[in-house]
Amino acid sequence: MDNSAGGDPDFAAEVARLLGARGLSVEVRRPSRQAMFDTAVHLVSTGIAIRISRVPEPAVLAAIGQDVRAALLHRPSERRRTRSVPVHLADTARVLEWIDIFD
């Protein structure tokens with residue numbers, strides 16, 4: 001879970017917990033000090049991303065999607081529940097999949 005932009009620490013923690021319960025190795029990247037004081041409005045990105053070291057098997061990607069969707073359903077507002085979360089290949093900008101509650 002990449003929360004380095006400070007998007008939503010509770011959401012990042014919940015997704016990390018769910019993925020860890022599946023036996024997946026999970027690391028949560030905490031926000032940098034600069035992100036903590038960033039007052040800019042991010043319209044495109046929520047600041048939350050999932051980064052995986054290699055292209056996963058379809059079943060693993062589906063499991064990640066299930067856990068992200070489950071965590072999205074617990075967000076306190078409709079805006080936070082309906083956002084999309086990108087799954088990136090490692091530290092690249094390449095998005096393998098966007099996950100939202102509408103899938």
Side-chain angles (χ1 to χ4, degrees):
M1 281 302 306
D2 186 347
N3 188 38
S4 57
D8 188 338
D10 295 333
F11 177 63
E14 183 174 359
V15 172
R17 181 184 56 76
L18 291 169
L19 293 173
R22 286 187 184 271
L24 298 173
S25 176
V26 180
E27 169 192 342
V28 177
R29 293 183 184 177
R30 308 278 179 223
S32 66
R33 293 183 59 76
Q34 292 81 10
M36 294 175 69
F37 299 103
D38 183 3
T39 58
V41 176
H42 303 286
L43 298 176
V44 175
S45 173
T46 61
I48 300 292
I50 295 179
R51 297 191 177 276
I52 54 178
S53 59
R54 57 185 161 72
V55 177
E57 297 292 323
V60 172
L61 196 54
I64 292 169
Q66 288 173 349
D67 289 346
V68 170
R69 286 182 199 91
L72 283 170
L73 291 174
H74 296 126
R75 298 302 80 196
S77 70
E78 184 175 350
R79 180 183 63 83
R80 288 182 180 223
R81 285 190 298 272
T82 58
R83 66 183 172 196
S84 295
V85 176
V87 177
H88 288 275
L89 181 59
D91 287 325
T92 68
R94 180 178 172 199
V95 176
L96 300 174
E97 183 170 321
W98 286 91
I99 301 171
D100 58 40
I101 62 170
F102 303 108
D103 289 336

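Computed from heavy atoms alone, side chains included, the values below leave out hydrogens, waters and symmetry copies.
With hydrogens and angles ignored, the 3.5 Å screen pairs no side-chain donor or acceptor of Arg69 with any backbone N or O of Phe102. Formation of a donor-acceptor pair under 3.5 Å by the Arg81 side chain with backbone atoms of Arg75 is found in this model.
Here the closest heavy-atom approach between residue Ser84 and residue Asp100 is recorded as OG-OD2, 3.5 Å. Shortest non-hydrogen contact noted between Ala70 and Leu18 is CB-CD1, 4.3 Å. When all heavy atoms of Leu89 and Val55 are compared, the pair lying nearest together is CD1-N, 3.8 Å. Nearest heavy-atom pair, Val26 versus Met1, reported as atom, atom and distance to 0.1 Å: CG1-N, 4.5 Å.
The residues Asp10 and Arg80 are annotated as not salt-bridged, no charged nitrogen and carboxylate oxygen being separated by less than 4.0 angstrom.
Rounding to the nearest 0.5 Å gives a distance of 11.0 Å between CG of Asp67 and CG of Leu72. Between Asp2 atom CG and Ile48 atom CD1 the span is 8.0 Å, to the nearest 0.5 Å. How far CD of Gln66 is from CG of Leu19: 10.5 Å, rounded to the nearest 0.5 Å.
The environment of CZ in Arg94 is sparse: at most 12 heavy-atom neighbours from other residues, nucleotides or ligands sit within 6.0 Å.
Within the 4.5 Å cutoff, side-chain heavy atoms of Ile64 are placed close to those of Ile52.
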Set out, in order, the CA-CA distance, both residues' side-chain angles and the distance that settles side chain to side chain contact (heavy atoms under 4.5 Å, CB included) for Leu96 and His88, then state yes or no. CA-CA 6 Å; Leu96 300 174; His88 288 275; over 6 Å; no
